[in-house]
Amino acid sequence: MKKIGLLILSIAFAISCQKKDPSDKTTPQNQTTKDSHSFSNPAEAVVKHLDLDIKVDFDTQTISGKASWTIDNIAKGNEIIFDENTLNITKVTLGNDEKETQFKLGDSVEFHGKPLRITIEPNTTKVNIYYNTTKDGVALQWLKPEQTADKKKPFVFSQGQSIWTRTWIPCQDSPGIRFTYNAKVSVPKDLMALMSAVNPQQKNDTGVYTFKQDKPIPSYLMAIAVGDVEFKSIDNRTGVYAEHSQIDKAKWEFAKLGDMVNAAEKLFGPYRWGRYDVIVLPPSFPFGGMENPNLTFLTPTVLAGDRSLTSLLAHELGHSWSGNLVTNASWDETWLNEGFTTYVEHRIGEEVFGVNEAKMQDVLSRKVLKDNVDELGIDSPDTRLKIDLSGKNPDEGLSDIPYEKGYAFLQTIEAAVGRKQFDTFLTNYFNDHAFQSINTEAFVAYFNKNLIKGDKVLADKIKLADWIYKPGIPSNIITPVSEDFNAIDAIQKTWRKIGIKGLSRKIKSTNEKQHFIDNLPKDLTIQEITTIDKEFNFTNGGNFVIKRQWFIIAIQHQYKVAYPAIENFLTSYSRTYSLTPLYKEMIKTPEGKVWAKQIYAKAKPGYHATTVHEIESILK
């Protein structure tokens with residue numbers, strides 16, 4: 001998942017873990033280890049395959065049907081535990097003959113829902129759970145026609161990460177538990193259903209769609225989208241889905257999608273999921289993107305009209321190796337998904353868009369990391385890569401730290417051993433752990449055996465424990481340099497003397513404009529802001545990222561000319577972690593806080609539940 005502007009063992013333990021025999025790799029974590037965010041006990045009974053038969057009802061805004069789980073009753077016991085949250089469980093049966101059995105819901109735990117305890121027999125291999133969703137389910141967002149791009153038909157989509165799939169499917173909701181699935185989905189005949197699986201490319205006349213995912217995935221990658229969408233291919237294995245008014249824009253914007261897949265394969269081995277398609281969702285989608293297998297979910301804010309924001313695609317594609325193929329075993333290990341994927345994203349970007357682009361992205365990346373550490377505090381345990389989210393909403397772990405600190409750590413390793421050797425290591429790492437889940441200690445053991453190989457000088461150079469288990473930014477972080485940004489820095493020192501006119505011809509790309517905005521003087525006058533805006537048209541003409549950065553400047557300096565555009569920005573989209581910086585800036589003054597609450601009241605009906613939670617925590 002890509003978030004733009006996002007929001008965590010002592011060293012002795014880390015060192016002891018480095019001495020473990022890595023031969024067990026992920027086995028202890030993969031479908032056997034207890035996850036603090038799941039009620040399930042996979043060491044005793046674990047799911048292996050799902051057959052899902054559901055109906056999507058827009059009148060009642062519910063999904064109902066049957067989840068038939070093939071299980072492995074490892075302990076030959078009399079109980080299997082599933083996770084559920086806000087679901088209505090109506091009946092549970094066992095086996096193909098559907099012998100009815102007892103089930104019991106345990107006490108509710110904040111964020112986690114309830115344990116669903118089902119009585120089974122020692123030889124049970126299939127559990128059938130009949131259920132329906134409720135309007136309180138976090139994972140599903142039901143949209144009225146007016147909330148979509150075309151404003152003609154309703155839409156629904158899911159967002160399962162991190163522990164929200166249990167709000168639309170009863171499951172063992174841990175990233176350490178993987179399963180394959182088949183699905184039958186019934187929807188209104190004028191809509192199309194899509195899932196994180198092999199998908200149809202056009203509507204049928206029955207409204208019944210079937211899906212097959214033969215690669216084992218964790219529950220958070222279960223995904224569904226139902227709407228009035230169309231498909232257009234980009235090449236023989238990539239394509240895009242979108243509403244009619246956006247489909248041509250999307251195909252043009254993502255024209256390099258096939259090149260990205262080819263570049264990723266060249267770097268890190270074959271793409272193992274068959275097709276790689278994307279769907280542009282309505283504006284209420286709360287993230288930049290979500291890496292659901294076979295079908296990445298994307299925010300419409302990437303449709304900039306100039307292909308300037310398609311690096312987001314490189315991130316979601318990168319998850320096809322780090323995250324979907326090799327998965328963090330728990331949400332304490334988020335950096336194993338996001339740090340590795342951010343590294344892969346930058347490497348794909350360099351391959352497709354060039355070295356200069358990569359250097360600019362690196363400088364921006366370091367700024368995001370520094371800003372996040374400054375906000376959290378240099379000694380905050382939340383700035384470690386390995387964090388402890390026990391008892392918390394695991395979404396709290398989705399700060400910029402696992403992304404940007406994780407990326408900087410892998411860059412440090414690359415610099416220490418050389419790119420060729422590190423590429424070989426990463427490719428082997430993905431291959432050796434394919435379709436498995438892994439924790440930090442298993443990675444450390446694999447790293448020591450296959451890369452360090454007892455070389456103390458190399459280990460001291462990399463400082464692995466400092467990166468993973470200590471807060472803050474390690475002393476050996478690489479400081480990237482961009483000649484393009486250096487030229488802009490030179491402009492920053494002179495424009496007040498020579499004027500702003502003509503600078504838009506020198507500062508052209510999205511990265512360059514972002515760097516220019518981010519490094520404007522703190523003591524800007526309204527006259528200077530007005531002149532800059534007239535030259536670049538940031539308020540009304542910039543793409544989503546440029547607008548977000550410019551609007552922070554406008555709020556800080558009370559540049560009221562931009563206020564209508566800011567309000568439109570905050571009410572038009574639900575991209576959570578791009579909206580939160582603006583709300584945080586607004587509430588720093590009494591009048592700004594009043595304004596923020598007024599805007600939020602208008603925007604809330606169109607916001608995703610994730611966005612609502614984050615904005616309300618800020619406004620409080």
Side-chain angles (χ1 to χ4, degrees), residues 9-30 32-33 176 267-269 318 321-323 325-330 332-344 346-347 369 381 383-388 401-402 404-480:
L9 330 188
S10 65
I11 298 305
F13 177 68
I15 294 171
S16 71
C17 289
Q18 292 177 28
K19 297 177 181 177
K20 287 182 179 180
D21 179 1
S23 61
D24 60 359
K25 289 187 285 191
T26 62
T27 304
Q29 294 80 44
N30 194 29
T32 59
T33 298
L267 292 168
F268 303 116
W321 285 262
S322 51
L325 187 66
V326 184
T327 308
N328 49 223
S330 76
D332 294 347
E333 331 286 343
T334 300
W335 79 276
L336 289 172
N337 275 20
E338 300 298 352
F340 278 73
T341 298
T342 304
Y343 178 85
V344 173
H346 282 255
R347 292 293 305 281
L369 175 59
T383 64
R384 299 174 299 178
L385 288 179
K386 170 76 175 188
I387 55 177
D388 183 6
I401 298 300
E404 304 299 354
K405 187 175 179 180
Y407 169 53
F409 173 44
L410 296 186
Q411 267 197 318
T412 302
I413 300 171
E414 179 199 310
V417 302
R419 175 168 284 190
K420 183 176 180 180
Q421 184 176 349
F422 190 50
D423 282 356
T424 299
F425 169 80
L426 275 185
T427 302
N428 290 338
Y429 167 75
F430 293 142
N431 289 335
D432 290 346
H433 300 88
F435 303 110
Q436 299 181 54
S437 299
I438 184 173
N439 67 16
T440 297
E441 287 62 56
F443 166 76
V444 170
Y446 184 87
F447 173 83
N448 282 330
K449 179 181 181 182
N450 294 280
L451 199 63
I452 298 299
K453 300 178 181 178
D455 186 339
K456 187 177 185 305
V457 173
L458 179 60
D460 290 343
K461 188 176 183 180
I462 293 173
K463 301 182 185 298
L464 177 145
D466 288 3
W467 281 97
I468 296 178
Y469 300 106
K470 287 184 178 180
I473 300 175
S475 60
N476 63 336
I477 190 170
I478 294 169
T479 301

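- Among residue pairs with one or both ends in residues 408-424, those qualifying as side-chain hydrogen bond (donor to acceptor under 3.5 Å, both in side chains) are Tyr343-Glu414, Arg347-Asp423, Glu350-Arg419, Asp362-Gln411, Arg366-Gln411, Tyr407-Gln411, Glu414-Arg419; sequence neighbours excluded.
- Here the closest heavy-atom approach between residue Leu451 and residue Leu458 is recorded as O-CD2, 3.9 Å.
- For the pair Lys405 and Gly472, the tightest heavy-atom approach, listed with the atom from each and the gap, is NZ-O, 2.8 Å.
- Annotation for Ile413 and Ile462: closest pair CG1-CG2, 3.9 Å, computed over non-hydrogen atoms.
- The side-chain heavy atoms of Arg384 and Pro471, taken from C-beta on, include a pair separated by under 4.5 Å.
- Ser322 places a side-chain N or O within donor-acceptor distance of the main-chain N or O of Thr341, the cut-off being under 3.5 Å.
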*Yes or no on ring-ring contact (aromatic ring centres under 6.0 Å, His included) for Phe409 and Phe340, after CA distance, side-chain angles and deciding distance?*
CA-CA 9 Å; Phe409 173 44; Phe340 278 73; 8.2 Å; no
*Kindly determine whether Lys461 and Asn476 satisfy side-chain contact (heavy atoms from CB on, under 4.5 Å), including the steps that lead there.*
CA-CA 8 Å; Lys461 188 176 183 180; Asn476 63 336; 6.0 Å; no
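- Once rounded to the nearest 0.5 Å, the distance linking CD1 of Ile452 with CG of Leu464 reads 7.5 Å.
- Remark: Trp321 engages no residue in a side-chain hydrogen bond (donor to acceptor under 3.5 Å, both in side chains) (not counting sequence neighbours).
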*List the steps, then state whether side-chain contact (heavy atoms from CB on, under 4.5 Å) holds for Glu404 with Glu338.*
CA-CA 8 Å; Glu404 304 299 354; Glu338 300 298 352; over 6 Å; no
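- Residues Leu369 and Ala408 come closest through the heavy atom pair CD2-CB, 4.5 Å.
- Side chains of Phe435 and Thr327 form no contact here, defined as non-hydrogen atoms less than 4.5 Å apart.
- Trp467 is listed as a side-chain neighbour of Ile477, based on a closest heavy-atom distance under 4.5 Å.
- The closest donor-acceptor contact from the side chain of Asn439 to the backbone of Asn328 lies at 3.5 Å or more, if one exists at all.
- With sequence neighbours left out, the side-chain hydrogen bond (donor to acceptor under 3.5 Å, both in side chains) criterion links Thr440 to Glu333, Trp335.
- Taking the six-membered ring for Trp and the full ring otherwise, His433 and Phe443 have centroids separated by 6.0 Å or more.
- Taking the centre of each ring, Tyr446 and Phe425 come in below the 6.0 Å mark.
- With sequence neighbours left out, the side-chain hydrogen bond (donor to acceptor under 3.5 Å, both in side chains) criterion links Asp460 to Lys456.
- Taking every heavy atom of both residues into account, Phe430 and Leu325 meet most closely at O-CD2, 4.0 Å.
- When the side chain to side chain contact (heavy atoms under 4.5 Å, CB included) test is applied to Ala415, the partners found at least two apart in sequence or on another chain are Ile478.
- Put simply, CD1 on Ile468 and CG on Leu336 are 8.0 Å apart, with the number rounded to the nearest 0.5 Å.
- Contacts of Asp455 classified as salt bridge (Lys or Arg N to Asp or Glu O under 4.0 Å), with partners at least two apart in sequence or in another chain: none.
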*Determine, step by step, whether Leu267 and Val344 satisfy the side-chain contact (heavy atoms from CB on, under 4.5 Å) criterion, reporting the C-alpha distance in whole Å, the side-chain angles of both residues, the deciding distance to 0.1 Å, and the verdict.*
CA-CA 9 Å; Leu267 292 168; Val344 173; over 6 Å; no
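- Heavy atoms only, all atoms of each residue included: Ser437 and Ala329 are closest at CB-CA, 4.0 Å.
- Here OG1 of Thr342 is found 9.0 Å from CG of Leu410. Values are rounded to the nearest 0.5 Å.
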